[in-house]
Peer 1: 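Starting off with a structure, shown below.
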Amino acid sequence: MHEAIDCYREITPGMYGALGKIIEGVNQWPHDPPYFKVLMEEYISFCRDLSRKIMRGIALALGGSADEFEGERAGDAFWVLRVIGYPGVSNTNGQNAPENDIGCGAHTDYGLVTLVNQDDGITALQVRNLSGEWISAPPIPGTFVCNIGDMLKIWSNGMYDSTLHRVINNSPKYRVCVAYFYEVSPTYPFYALSSLAPGNDPHTVPSLHEQPNFDAAVEPLDICKEKTGGIKKFGKAVYGEHLASKLETNFV
Ligand SMILES: O=C(O)CCC(=O)C(=O)O
Ligand SMILES: [Fe+2]
């Protein structure tokens with residue numbers, strides 16, 4: 001079990017059509033504490049810069065140019081910040097301490113990278129390794145756990161795998177985690193799928209404003225395909241659909 005406060009990069013109504021509907025609107029900030037909004041926005045801005053730098057490093061590691069994930073792919077990335085609370089186990093009288101239920105079931109994250117800022121001193125996050133064993137990812141003060149998401153797995157044609165992980169809080173203490181999800185640019189497909197693609201006549205298509213969408217078509221990059229046997233291991237994934245289905249199942 002867990003509870004969470006989510007904030008999203010704000011989506012104005014209609015901006016991304018029907019697929020974007022589930023996350024339209026402005027973030028609801030509490031008045032108390034009064035500095036919450038300012039603090040969170042500053043934190044988000046730092047996370048955004050860091051994620052961008054990590055993506056530049058990953059782009060180089062994949063053999064591309066540093067700005068492979070800038071511009072239309074992820075230069076104007078959608079993001080989600082989630083502050084999550086996991087209740088501790090209640091009855092710990094020393095013997096037969098009860099096992100807590102699953103705080104967050106096994107899943108992969110959906111975007112590019114996630115920066116997980118864990119509560120110091122409580123080990124609850126587990127990651128599945130290649131042998132299929134669940135191993136703990138204990139918090140290391142001053143560091144993030146960085147998870148790879150599904151969209152990076154597809155873009156890299158599987159060279160980066162999305163990390164299967166789950167959370168079990170067996171501590172008596174309430175655990176707080178702040179996760180920042182760095183995603184793709186929702187407008188990416190417009191350029192990729194339309195005749196606005198470089199070299200084509202820009203006059204033959206409606207403007208971005210006239211054709212809103214949230215259907216980022218993510219598919220393996222050619223540079224990654226070449227390095228992995230020349231075959232695309234994954235078909236096109238529509239980012240907005242992927243996100244909407246994750247959000248719908250997350251909050252039932
Ligand atoms: O609480 C954690 O350590 C991770 C949370 C998580 O995996 C998620 O929100 O996607
Ligand atoms: Fe996750």
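The residues of the chain are indexed from 1 along the displayed sequence. Keep in mind that the numbers below use all heavy atoms, side chains included, and drop hydrogens, waters and symmetry copies. Whatever order the structure lists them in is the order used to number ligands and atoms, beginning at 1.
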Peer 1: Of all N/O/S atoms in His165, which lies nearest to the Fe ion (ligand 2)?
Peer 2: NE2
Peer 1: Provide, to 0.1 Å, the distance between atom 10 (O) of ligand 1 and the closest protein heavy atom, together with that atom's residue and name.
Peer 2: His107 NE2, 3.0 Å
Peer 1: Determine, for Arg56 against Glu70, whether the closest basic-nitrogen to carboxylate-oxygen distance falls under 4.0 angstrom.
Peer 2: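 Salt bridge flag = yes for Glu70 with Arg56.
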Peer 1: How about CD on Glu41, more than 12 heavy atoms from neighbouring residues, nucleotides or ligands closer than 6.0 Å, or not?
Peer 2: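 Yes, the 6.0 Å shell around CD holds more than 12 heavy atoms from other groups.
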Peer 1: Which bit of Val145 gets closer than 4.0 Å to ligand 1, counting heavy atoms only: side chain, backbone, both or neither?
Peer 2: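 Contact part for Val145 vs ligand 1: neither.
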Peer 1: The Fe ion (ligand 2) is nearest to which N, O or S atom of Asp109?
Peer 2: OD1
Peer 1: Quick one about Tyr43 and Asn117 (side-chain donor to acceptor, distance below 3.5 Å, no hydrogens or angles considered), yes or no?
Peer 2: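 Yes, Tyr43 and Asn117 have a side-chain donor paired with an acceptor closer than 3.5 Å.
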Peer 1: How are the rings of Tyr86 and His2 set to each other: parallel, tilted or perpendicular (split at 30° and 60°)?
Peer 2: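 Correct class here is tilted.
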Peer 1: Looking at Arg82 and Asp6, does any basic side-chain N land under 4.0 Å from a carboxylate oxygen?
Peer 2: yes
Peer 1: Suppose I only count heavy atoms of Ile84 and a 4.0 Å limit; which atoms of ligand 1 are within that range?
Peer 2: 5 (C), 9 (O)
Peer 1: Below a 4.0 angstrom heavy-atom separation, can you tell me which part of His2, side chain or backbone, both or neither, approaches ligand 1?
Peer 2: neither
Peer 1: Check each atom of ligand 1 against the heavy atoms of Val116 and keep those under 4.0 Å away; list them by number with element.
Peer 2: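 Those qualifying, in numeric order: 3 (O).
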Peer 1: Using a 4.0 Å heavy-atom cut-off, which part of Thr114 comes near ligand 1: side chain, backbone, both, or neither?
Peer 2: neither
Peer 1: Which label fits Phe78 and Tyr8: parallel for a plane angle under 30°, tilted from 30 to 60°, or perpendicular past 60°?
Peer 2: parallel
Peer 1: Looking at Glu133 and Arg128, is there a salt bridge between them, counting it only when a charged N and a carboxylate O are closer than 4.0 Å?
Peer 2: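 No salt bridge links Arg128 with Glu133.
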Peer 1: Taking only Lys NZ, Arg NE, NH1 and NH2, and the carboxylate oxygens of Asp or Glu, determine whether Arg9 and Glu183 approach each other closer than 4.0 Å.
Peer 2: no
Peer 1: Which ligand 1 atoms, with their elements, are less than 4.0 angstrom from a heavy-atom of Tyr86?
Peer 2: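 What qualifies from ligand 1 is 1 (O), 2 (C), 5 (C).
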Peer 1: Need the ligand 1 atom indices (1-based, order shown) with element for anything under 4.0 Å from a heavy-atom of Val167.
Peer 2: 1 (O), 2 (C), 3 (O), 4 (C)
Peer 1: Which residue from Arg175, Gln118, His165 reaches closest to atom 7 (O) of ligand 1 through any of its heavy atoms?
Peer 2: His165
Peer 1: How many angstroms lie between CD in Glu68 and OG in Ser156, if you round to the nearest 0.5 Å?
Peer 2: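 The OG atom of Ser156 is 12.0 Å from CD of Glu68, to the nearest 0.5 Å.
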Peer 1: Out of the N/O/S atoms in His107, what is the name of the one closest to the Fe ion (ligand 2)?
Peer 2: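 Output for this pair reads NE2.
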Peer 1: Mark up the atoms of ligand 1 that fall under 4.0 Å of a heavy atom belonging to Cys177, in ascending order.
Peer 2: 1 (O), 2 (C), 3 (O)
Peer 1: Looking at the rings of Tyr160 and Trp155, which for Trp means the six-membered one, are their centres under 6.0 Å apart?
Peer 2: no
Peer 1: In terms of atom number and element, which parts of ligand 1 are under 4.0 angstrom from non-hydrogen atoms of Phe181?
Peer 2: 8 (C), 9 (O), 10 (O)
Peer 1: If you measure every N/O of Asn147 against every N/O of ligand 1, is any gap under 3.5 Å?
Peer 2: no
